[in-house]
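What follows is a short report on a single structure.
The figures here come from the full heavy-atom set of this structure, side chains too, leaving out hydrogens, waters and symmetry mates.
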Amino acid sequence: MFVVSCAAAPKKTTTYADDARLAYEKALVAFDNKDCLTAEPLFKEIRSNYPYTRYAALSELREADCLASQDKHAEAIEIYQRFARVRASHEDVPYARFKAAQSQYEQIPSEWFLSPPAHERDLRAARDALKDLRRYLLDFPDDRNAGEAQVMEKKTLALLARHELYVADFYLIRELPKAAIGRLQDLLRSYEGSGYEPQALLLMGRTQLFMKDRPAAHDTFRALIARYPESGSAVQAERYLAETGG
């Protein structure tokens with residue numbers, strides 16, 4: 001009799017990196033299904049259990065994405081910014097910088113029919129968003145999210161410019177023309193590209209006329225006409241010049 005012995009096939013063992021990948025793929029399934037209640041703690045476990053793998057960094061971003069999707073923007077911003085700071089050479093730094101700016105943007109007061117217009121409220125979030133969007137666009141002008149960032153930048157600029165016009169009007173109603181001009185100068189200096197420059201220049205010229213500073217008003221009207229000749233404000237500026245001998 002011949003005894004044939006068959007050795008059992010060796011059991012395949014997984015490595016530390018394999019375990020991290022499998023855990024990340026499991027968490028990512030829940031994330032892709034928009035189930036952050038399940039995904040978020042799994043991403044945290046990966047960061048804790050596999051800190052020396054690429055999946056720890058990816059999990060950090062996905063955790064922030066989960067927070068942002070739940071409107072927990074302050075917490076999300078903290079993680080995105082930490083990621084960009086600590087992992088400065090990581091290929092996803094542009095994404096983290098964009099998402100941090102986007103979360104800042106999402107905190108800007110929205111227009112709601114039962115509340116004052118957004119430009120009349122505290123706009124600290126808008127100023128923070130504009131700062132982050134500008135820095136992101138300066139550092140990563142060709143990034144795939146740059147187009148969306150430019151749209152947000154334009155909307156934020158317009159909102160902040162409207163706010164400066166609102167404050168200038170507030171000062172004029174209270175007969176504080178110097179303060180009004182200061183706010184209009186801030187608008188022109190800080191929010192170039194907002195689209196509200198013609199209105200700001202027209203209001204500045206009118207305010208200078210009110211202050212009986214005709215030469216300054218004429219200079220302002222001429223600057224408006226030269227820079228924005230097609231605007232309705234330029235037509236009004238020409239009328240003011242004609243009426244005041246400019």
Side-chain angles (χ1 to χ4, degrees), residues 61 64-85 92-172 179-204 207 223-224 227-228 230-234:
L61 286 179
D65 289 342
C66 275
L67 290 167
S69 71
Q70 299 172 78
D71 294 330
K72 298 177 181 178
H73 294 294
E75 298 96 319
I77 290 167
E78 183 179 350
I79 294 176
Y80 288 132
Q81 291 180 339
R82 183 178 66 230
F83 182 97
R85 183 176 62 253
D92 283 330
V93 164
Y95 175 82
R97 292 273 303 279
F98 167 74
K99 292 296 291 184
Q102 185 183 51
S103 283
Q104 292 283 13
Y105 178 82
E106 291 296 332
Q107 294 183 96
I108 297 173
S110 60
E111 301 284 0
W112 190 49
F113 74 101
L114 287 180
S115 62
H119 65 269
E120 296 181 15
R121 287 179 273 165
D122 181 10
L123 294 180
R124 190 177 313 155
R127 286 186 285 272
D128 289 342
L130 181 62
K131 179 181 67 177
D132 285 357
L133 287 165
R134 282 177 163 173
R135 287 177 177 172
Y136 160 77
L137 288 168
L138 182 65
D139 292 341
F140 309 105
D142 300 321
D143 186 57
R144 60 191 177 91
N145 292 306
E148 186 176 352
Q150 288 169 349
V151 172
M152 290 189 288
E153 180 193 27
K154 182 74 173 178
K155 290 181 178 179
T156 307
L157 276 171
L159 174 61
L160 289 166
R162 289 203 310 273
H163 176 72
E164 295 303 319
L165 284 173
Y166 165 76
V167 175
D169 282 332
F170 175 88
Y171 284 136
L172 289 173
I181 287 179
R183 298 309 288 253
L184 294 170
Q185 288 172 335
D186 285 345
L187 186 162
L188 295 168
R189 181 172 52 249
S190 302
Y191 306 128
E192 182 180 356
S194 67
Y196 284 88
E197 293 92 339
Q199 292 182 42
L201 286 167
L202 181 64
L203 184 56
M204 183 182 294
T207 303
L224 166 54
R227 296 178 199 171
Y228 309 100
E230 304 300 322
S231 67
S233 296

Legend entry - Test side chain to side chain contact (heavy atoms under 4.5 Å, CB included) applied to A64 - qualifying residues, sequence neighbours left out: I79, Y80
Legend entry - Validation row: L188, M204 side chains within 4.5 angstrom (heavy atoms): yes
Legend entry - Audit row: D132, Y105, side-chain hydrogen bond (donor to acceptor under 3.5 Å, both in side chains) steps and yes/no: CA-CA 9 Å; D132 285 357; Y105 178 82; over 6 Å; no
Legend entry - Shortest non-hydrogen separation from A129 to A101 and the atoms involved: CB-O, 4.4 Å
Legend entry - Non-hydrogen atoms of A96 and L61 that approach each other most closely: CB-CD2, 3.9 Å
Legend entry - Side-chain donor/acceptor of E197 to backbone N/O of G193, under 3.5 Å: yes
Legend entry - Approximate separation, where rounding is to 0.5 Å, of L184 CG and R189 CZ: 11.0 Å
Legend entry - Any donor-acceptor pair under 3.5 Å from E78 side chain to A74 backbone: no
Legend entry - side chain to side chain contact (heavy atoms under 4.5 Å, CB included) between H73 and Q102, worked out: CA-CA 9 Å; H73 294 294; Q102 185 183 51; over 6 Å; no
Legend entry - Smallest separation among heavy atoms of I77 and A100, with atom names: CG1-O, 3.8 Å
Legend entry - Distance, nearest 0.5 Å, that separates CD of E164 from CG of L123: 9.0 Å
Inset, instruction - Carefully, step by step, assess L172 and L203 under the rule side chain to side chain contact (heavy atoms under 4.5 Å, CB included). - result: CA-CA 10 Å; L172 289 173; L203 184 56; 3.7 Å; yes
Inset, instruction - Could you tell me whether the side chain of L201 reaches within less than 4.5 Å of the side chain of R227, counting heavy atoms only? - result: yes
Inset, instruction - Please check if the side chain of S194 supplies one atom and the backbone of Y191 the other of a donor-acceptor pair under 3.5 Å. - result: yes
Inset, instruction - Flag the pair F98 / R144 as yes when at least one side-chain heavy-atom distance between them is below 4.5 Å, and no otherwise. - result: no
Inset, instruction - Look only at the side chain of S231 and the backbone of Y228, and say whether a donor-acceptor pair between them is shorter than 3.5 Å. - result: yes
Legend entry - Where P94 and D143 come nearest, the two heavy atoms and their spacing: CB-OD1, 3.6 Å
Legend entry - E153/R134 ion pair, N-O < 4.0 Å: yes
Legend entry - Interatomic spacing from OG in S103 to NZ in K72 - rounded to 0.5 Å: 13.0 Å
Inset, instruction - Measure across A146 and Y136 and return the closest heavy-atom pair with its distance rounded to 0.1 Å. - result: N-OH, 3.3 Å
Inset, instruction - Calculate, to the nearest 0.5 Å, the distance between atoms CZ and CD belonging to R162 and Q199 respectively. - result: 10.0 Å
Inset, instruction - Please round to the nearest 0.5 Å and tell me the distance separating atom CD of Q70 and atom CG of D65. - result: 11.0 Å
Inset, instruction - Show the numbers, then the answer: is there a side chain to side chain contact (heavy atoms under 4.5 Å, CB included) between V93 and R97? - result: CA-CA 6 Å; V93 164; R97 292 273 303 279; 4.1 Å; yes
Legend entry - Nearest-0.5 Å distance, OH of residue Y95 to CG of residue N145: 8.0 Å
Inset, instruction - Could you please spell out the steps behind the side chain to side chain contact (heavy atoms under 4.5 Å, CB included) verdict for M152 and L130? - result: CA-CA 8 Å; M152 290 189 288; L130 181 62; over 6 Å; no
Inset, instruction - Could you pull out the closest heavy-atom pair between L160 and A126, with the gap in Å? - result: CD2-CB, 3.8 Å
